[in-house]
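This report refers to the structure that appears directly beneath it.
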There are 2 protein chains.
Amino acid sequence: MPARGQANGNTESVDNYLKAILSLGGPEGRRVISKSLAERLSVAPASVTNMLQKLAAAPSPLVEYERHRGVKLSAAGRRRALEVVRHHRLIETFLYEVLDYPIDEVHEEAERLEHFISERFEERIAAKLGHPKIDPHGHCIPTMEGHMQEHDSIRLADVVDEGTFVIDSVSDRDAGTLRQLEASGITPGARLRVRKHTALDGYSVSIGRSSKAFDLSQETARDIRILPVA
Amino acid sequence: MPARGQANGNTESVDNYLKAILSLGGPEGRRVISKSLAERLSVAPASVTNMLQKLAAAPSPLVEYERHRGVKLSAAGRRRALEVVRHHRLIETFLYEVLDYPIDEVHEEAERLEHFISERFEERIAAKLGHPKIDPHGHCIPTMEGHMQEHDSIRLADVVDEGTFVIDSVSDRDAGTLRQLEASGITPGARLRVRKHTALDGYSVSIGRSSKAFDLSQETARDIRILPVA
DNA sequence: CCTAATAATTAGGTATGCCTAAATTTGCAG
DNA sequence: CTGCAAATTTAGGCATACCTAATTATTAGG
């Protein structure tokens, strides 16, 4: 298939590499090793090497890559990655708010569409939504200029003993988990009271002023990010 | 790139071949010759032969193809083609009605997105729009079951002398033309009074009860379809 | 009915992006 | 400092979908 997208050779595949590097390298833009990329993208390590070489060799490269030493995004690469993340999160918000999608279906649809929408589409849905700052999972939406100020939330899984928190965000990694969390009222903005189960390796939590308690596995607790109560 | 889409090997490219065959073969499903397809798709004739052979050789083929004798859609191919057309026209309507796109920009965006939206997306925008029967250009939207009842409109270019008509639809072939027609009030549903310019090889038209007259080239008149006044 | 023009097909190539298997390189433990 | 294991890279392939050039079919004119 001939290359798609703008002047550059930006394809769906390239977008996904950039997103993965951004996500794995964190906001500070740490070096990312090929193995992590291969895992994240469900692709053979050799394919990663291949792609990184091509990306790095391009006229205005999207990544900085040194043999055997991992990759990081160039300024241009970071810009493109943030644009794709912006698309993704705006689309999710749009599907949820305007098209009444169930929360656990927005991710998959956005994952496909994010690569193909135009600047106009981006601008129009942003306007329609009142230029939202966070998506339905609580993740912040990068600005048009490519700025993203992360919240300094922590993972519930990293809480030592107990306390009361505000839910910052919920991972969209697994649709099933997401559906369950939503059903239990564990959504961004909710107040969460937490107590650690030392025996069961998990947590007992309740929402708001409710006395109903839920058990969460350590696994699930990694998908929830929390903030101290304001 | 690995195949995208459902069980079958439906790619963007295949979709476009099917749409072109549907469009060139008309509602009756006439045989289409490779040359026309090549022109329509801006592709070399050899590429068409190649693709048709693959499509026809598939386990449940989307086309019926005989060497040197053209192609037509199989039942499955027609179903898929109509689904893509439905996507296209629903998306156009959605962009126009919900996202306030200018009329001359809806086609290009829909042309890209039509291949990537899910059944759910289709269903949700259809619901949001109240299950519309025609798109903003006046083209009818195939049903979910793959039915499309064409209007028996005629091209303005085929009008012999003069008369009054209702505008059925306007082609989305050229954005510039479309923008001009919109600006002149030549949009689906409008009443059109026509008089032929024998000398200039074109038409003089006016809209509704307005006395302002516009000249239209023969070229442009091919892009306008009309119905007798009800 | 034969030939010339037109259409279609075959043959052989390009680029993308993925794969496996066989080298390498790196880095950590002893 | 050595040597093994993990990570990475190279080499060689596959599928898609496109291309050009050369060949073969079909069809329409004379």
Side-chain angles (χ1 to χ4, degrees), chain A residues 1-21 24-25 30-59 61-72 80 111-112 115-116, chain B residues 1-21 24-25 30-59 61-72 80 111-112 115-116:
Chain A
M1 199 181 295
R4 195 188 346 259
Q6 8 274 70
N8 213 320
N10 285 349
T11 52
E12 200 179 336
S13 198
V14 170
D15 281 352
N16 287 334
Y17 276 88
L18 298 179
K19 272 206 307 179
I21 297 168
L24 294 169
R30 289 182 304 273
R31 240 173 229 305
V32 174
I33 67 174
S34 304
K35 203 199 173 216
S36 325
L37 276 174
E39 271 162 16
R40 175 63 72 100
L41 296 167
S42 303
V43 135
S47 306
V48 173
T49 299
N50 221 271
M51 178 61 96
L52 295 183
Q53 287 174 340
K54 264 185 271 190
L55 288 180
L62 296 167
V63 301
E64 289 165 30
Y65 165 67
E66 286 172 276
R67 283 176 98 235
H68 294 281
R69 329 201 73 259
V71 243
K72 45 192 239 182
R80 174 62 188 162
E111 193 69 16
R112 243 174 313 110
H115 310 289
F116 307 114
Chain B
M1 198 180 296
R4 194 189 346 260
Q6 10 273 69
N8 212 322
N10 285 350
T11 51
E12 200 178 337
S13 198
V14 169
D15 281 352
N16 287 334
Y17 277 87
L18 298 179
K19 272 205 308 178
I21 297 169
L24 293 169
R30 288 183 305 273
R31 241 174 229 304
V32 174
I33 67 174
S34 303
K35 204 199 171 214
S36 324
L37 277 174
E39 272 162 15
R40 174 64 71 98
L41 296 166
S42 304
V43 135
S47 305
V48 173
T49 299
N50 221 271
M51 178 61 97
L52 294 183
Q53 287 174 340
K54 264 185 273 190
L55 288 180
L62 296 167
V63 301
E64 290 165 31
Y65 165 67
E66 285 173 277
R67 279 177 100 237
H68 293 284
R69 332 202 71 259
V71 243
K72 46 191 239 180
R80 176 61 188 163
E111 194 68 17
R112 244 175 311 110
H115 310 289
F116 307 113

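Only heavy atoms go into these numbers, but all of them, side chains included; no hydrogens, no water, no symmetry mates. The chains referred to below are lettered A, B, ... by the order of the sequence lines, with proteins before strands, and numbering in each begins at 1.
In this structure, of D/dA7, C/dT9, D/dC18, it is D/dA7 that holds the atom nearest to the side chain of A/Lys35. The listed nucleotides are D/dT20, D/dT8, C/dA8; the one nearest the side chain of B/Ala46 is D/dT20. With distances taken from any side-chain atom of A/Ser13 to the nucleotides C/dC19, C/dC18, C/dT10, the minimum falls on C/dC18. Across C/dA8, C/dT16, C/dC18, the shortest atom-to-atom separation from the side chain of A/Lys54 is found for C/dT16.
Considering only side-chain N and O atoms, B/Tyr17 lies nowhere under 4.0 angstrom from the phosphate OP1 or OP2 of D/dT16. Between B/Gln53 and C/dA8, a side-chain N or O to OP1/OP2 separation shorter than 4.0 Å is absent. Of the side-chain N and O atoms in B/Tyr65, none sit less than 4.0 angstrom from OP1 or OP2 of C/dA8. Using a 4.0 Å cut-off, some side-chain N or O of A/Thr11 falls inside it from OP1 or OP2 of C/dG17. A sub-4.0 Å separation between OP1 or OP2 of D/dT26 and a side-chain N or O of B/Arg67 is absent.
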inquiry  = As a quick check of understanding, evaluate side chain to side chain contact (heavy atoms under 4.5 Å, CB included) for B/Leu55 and B/Val71, giving each step before the final call.
reply    = CA-CA 10 Å; B/Leu55 288 180; B/Val71 243; over 6 Å; no
query = Do B/Tyr17 and B/Val43 pass the side chain to side chain contact (heavy atoms under 4.5 Å, CB included) test, and can you show the C-alpha distance, the side-chain angles, and the key distance before you say yes or no?
reply = CA-CA 11 Å; B/Tyr17 277 87; B/Val43 135; 3.8 Å; yes
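Following rounding to the nearest Å, B/Asn50 (CG) and C/dA7 (P) show an atom-to-atom distance of 20 Å. Taking atom NE2 of B/His68 as the reference point, atom C1' of D/dT23 lies 10 Å away to the nearest angstrom. Across the protein-nucleic acid pair, A/Leu41 atom CG and C/dC19 atom P stand 10 Å apart, rounded to whole Å. Computed from coordinates, the A/Leu37 CG to D/dA7 C1' distance equals 13 Å when rounded to whole Å. Protein atom CG of A/Leu52 is 15 Å distant from nucleotide atom C1' of C/dT16, rounded to whole Å. Atom-to-atom, CZ of B/Arg69 to P of C/dT9 comes out at 11 Å; the value is rounded to the nearest Å. A/Ile33 places its CD1 atom 11 Å from the P atom of D/dT9, with the value rounded to the nearest Å. What separates CD of A/Glu66 from C1' of D/dA7 is a distance of 16 Å, to the nearest Å.
Contact annotation for B/Ser34: backbone-only contact, meaning every heavy-atom pair under 4.0 Å involves sugar-phosphate atoms and none involves a base. Using a 4.0 Å heavy-atom distance criterion, B/Val43 is classed as a sugar-phosphate-only contact. B/Ser47 comes within contact range of at least one nucleobase, with a heavy-atom separation under 4.0 Å.
Across B/Leu41 and B/Asn16, no two heavy atoms sit closer than the pair CD2-O, 3.6 Å. Across every non-hydrogen atom of A/Pro61 and A/Ala58, the tightest pair is CG-O, 3.6 Å. A/Gly70 and A/Arg31 make their closest contact through O-NH1, 3.6 Å (heavy atoms, listed as atom of the first residue, atom of the second, distance).
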